[in-house]
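See below for the structure under consideration.
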Amino acid sequence: VSAPTAILVDDEPGLVTMLRAALAARWPELQVVGEAGDGDAALAMFEALHPDVVFLDVQMPGRSGVEVARALAGRCHVVFVTAFEEYALEAFEHAAVDYLLKPVEEERLATTVARLRSRLSAPPPDLSAVIEALGRRLQPAPRFLEWLQVQVRQDLVLVAVEDVDLFQSSEKYTLALAGDEEWVIRTPLKELEASLDPARFWRVHRSAIVRVGAIARVSRDEGGQPVVHLRRGSRTVVVSRAWAHRFRQM
Amino acid sequence: MAGWKRTDCDGEDVSPRAPRYWRLRRLGPLVLAINTAIAVFLWAVTGWDFWPTLIHSQAIGLSILLFQYVGSWLLPTAGEWLVTAISLPLGAALGTVVGAAFSGMSPLLLFTNGHPTVATLASAIVFGVAVTAFFSYRARMLAGAAQLRDEQLRRESAGRALAEAELKLLQAQIEPHFLFNTLSHVLQLVDEDPARAKRMLLNFTVYLRGSLRRTRSGATTLGEELDLVRAYLEIQAVRMGERLTWTVDCPEALRVRPLPPLLLQPLVENALRHGLEPKRGGGRIAVSAVREGDALILEVRDDGMGLEPHRPPGVGLTNVRERVRAISGGAGSVTLRPVEPSGLCVRITLPGAAALAPGTPVPAAAPEAAP
């Protein structure tokens, strides 16, 4: 039987060095055949070297450790290495997963090494459940548009949608209004509506989307149509019939 | 028009388009009542006939009011007293003529000796001055009260926003990930490179002290904030190795400028976490402070991943924005700009007053601040 091989994956070079030293002391026959600093490099290295074990940092630039683990599924033993990720710890604790916490404690490493040694001859355990749980925690869906790029004189400026009180469509463009500021954006209102959080932004008219938090009060005009008054500025927006139900009295 | 209150407390529309009209509607009945009171007084004191006295009094009072409006409309920039000085005699004269006509006398008779024209005019002027003074005083009182109310509201909400922002900041302050990672590195360096381990621990001490200081006092300087930022970046540079390069630029003279604590540090942390850490090759962070006139301009620029349009503004950025707004009374700003070819530049502008003296005392999350 040839000596077991491993690659170490971490975006912090110092920690790779430290892990390597600790492993050399605890598991002398393990051959660390490579070190990678990001997910893509780790996958390429795996395809080239086919190590038995991959020590994998959870959070890395490019492909995250979770994505790498998904790609490696079943082809090698994976030991997750993490500094402090609550979501990761939670996922690990509910499954038989090998993981190390940074800074790596000698004893903890010894336990992990012992477990790995006894398991190396068997096929790697199925980690898909853990990986899915981790993935969900890393990427909380759904995500909405949070920033707008607007032109202010010569400059491009980023404006948080949370600052915008009202989106109003004009003939060719959309106006974003915040207090007494006003910006022109090129995204049509309809497209904008699809990307905004529907809990925070309400369509009130064919040509207007209003931020719920920006509404000061709603009155009725002579014809009984609801009229939205904004907290900042004096602007009012008439609510058209199709959306009036949102402002019916509770 | 800044500060123009668009609705009064009854929610009535007083938009700039119809203020006079509105004021007339409000003042009209009051003026009629005062005119009547003057007539009753003169009738009782002088023994003049009641009805002609009432008609004269109303005619003169309303004429003066009319001239006040015409005057303030024609001379919008003229002082209140100039308008009054013009409208009083004109109104008194017109009112006397109109009053005479309405009480069945020929206006021409006014200029004959037999009629008490002089007495009418004189009392018109005396009462006109008194009533105008009363209204002017009343308007000033009302404006003063409204201003006081506005000011109180503004101050209360600014104070509340600041306190809330600071509480959040405290909660978000020392990121556990950073803490444990740093300790890991110190642990590793202790054997390998004791000198570097020592430097890292020293930097970490500076960072911790700076981060915790705000629980004791809110007053810090730009220099102290930059020291904190520098310590943070040095620690991160050890962590990330070649992937991170950084600069901190600040003229020596600016270092003593007072600055609320932790305005820059959260931005640097963001630049690192969202800009450079996820970028494969890493990158560069440039922190700078410059003076532009009286204003202090602070900038954190990185060439990292840039702002992902779907990432919600984090606690740090929201916090900095809220605090800048609160301490500068809305005059300061935090702007974000994309950097070409990639990256983000966050710029804090603090107007002179806010940067020099953080006007609103910073209520540190000290125990005595809690109820």
Side-chain angles (χ1 to χ4, degrees), chain A residues 10-22 37-41 59-64 81-86 88 101-105 140-150 152 155-163 179-181 195 197 216-217 219 229 233-236, chain B residues 2 4-7 11 13 15-16 175-189 191-193 196 200 236 238-243 273 276-282 304-314 317-318 321 330 334-340 344-347:
Chain A
D10 198 315
D11 58 322
E12 296 178 32
L15 292 187
V16 174
T17 316
M18 177 165 68
L19 186 58
R20 185 173 212 149
D38 61 71
D40 297 298
Q59 217 157 32
M60 284 182 302
R63 254 185 239 251
S64 76
V81 185
T82 182
F84 180 89
E85 268 102 4
E86 272 175 80
L101 283 178
K102 303 181 210 174
V104 179
E105 293 166 30
R143 303 227 276 170
F144 300 105
L145 183 68
E146 299 288 349
W147 295 92
L148 302 167
Q149 259 195 23
V150 300
V152 176
D155 287 342
L156 265 185
V157 171
L158 292 153
V159 174
V161 295
E162 202 48 51
D163 281 346
D180 47 8
E181 287 182 281
S195 54
D197 181 357
R217 61 194 177 88
S219 63
H229 299 252
S234 60
R235 202 174 280 264
T236 56
Chain B
W4 180 275
K5 296 237 337 156
R6 271 146 175 125
T7 42
D13 181 37
S15 65
E175 216 228 329
H177 189 262
F178 172 68
L179 201 99
F180 285 103
N181 248 322
T182 307
L183 289 176
S184 303
H185 276 95
V186 172
L187 212 65
Q188 170 222 340
L189 288 172
D191 295 327
E192 231 174 63
D193 189 346
R196 264 180 89 196
M200 194 151 181
Q236 294 289 20
V238 172
R239 277 189 52 207
M240 292 173 65
E242 288 164 4
R243 293 181 57 231
R273 223 160 97 198
L276 298 187
E277 266 181 6
K279 194 176 166 183
R280 282 180 65 183
M305 300 290 279
L307 193 65
E308 205 272 302
H310 291 87
R311 185 163 60 75
L317 182 63
T318 308
R321 280 153 36 107
V334 179
T335 48
L336 287 83
R337 277 183 296 131
V339 170
E340 287 298 321
L344 181 68
C345 176
V346 185
R347 167 189 274 237

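What you are looking at is a predicted structure, and each value in this text was computed from that prediction instead of being measured. Each chain gets a letter, A, B and so on, in the order the sequences are listed, and its residues count up from 1.
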So what's closer than 4.5 Å to chain B heavy atoms on A/D40: side chain, backbone, both or neither? side chain
Please report the closest heavy-atom contact between A/Q149 and B/P338, naming both atoms and the distance. NE2-CG, 3.7 Å
Just so I know, are the side chains of A/E12 and B/H185 near enough to count as touching, which here means a heavy-atom distance under 4.5 Å? yes
Please test A/D155 against B/R337 for side chain to side chain contact (heavy atoms under 4.5 Å, CB included), starting from the C-alpha separation and ending with a verdict. CA-CA 8 Å; A/D155 287 342; B/R337 277 183 296 131; 4.1 Å; yes
If one checks every heavy atom of A/E162 against chain B at 4.5 Å, the contacting part turns out to be neither
Check this for me, if you would: do A/D11 and B/R280 make a salt bridge, where the nitrogen-to-carboxylate-oxygen distance has to be below 4.0 angstrom? no
Going by heavy atoms in the side chains, are A/E146 and B/P309 under 4.5 Å from each other? no
Are A/T17 and B/E192 close enough that some pair of their side-chain heavy atoms sits under 4.5 Å apart? yes
If one checks every heavy atom of B/L276 against chain A at 4.5 Å, the contacting part turns out to be neither
Is the shortest side-chain heavy-atom distance between B/L336 and A/W147 below 4.5 Å? yes
The interface call for A/D38 against chain B, heavy-atom contacts under 4.5 Å, is side chain
Applying a strict 4.5 Å limit to non-hydrogen atoms, the region of A/D163 in contact with chain B is side chain
Please determine which of B/V346, B/L344, B/T335 meets the side-chain contact (heavy atoms from CB on, under 4.5 Å) test together with A/L158. B/L344
Scanning both residues in full, the closest heavy-atom pair of A/A160 with B/R321 reads CB-NH2, 4.1 Å
Using a 4.5 Å cut-off on heavy atoms from C-beta on, say whether the side chain of B/L187 contacts that of A/V104. no
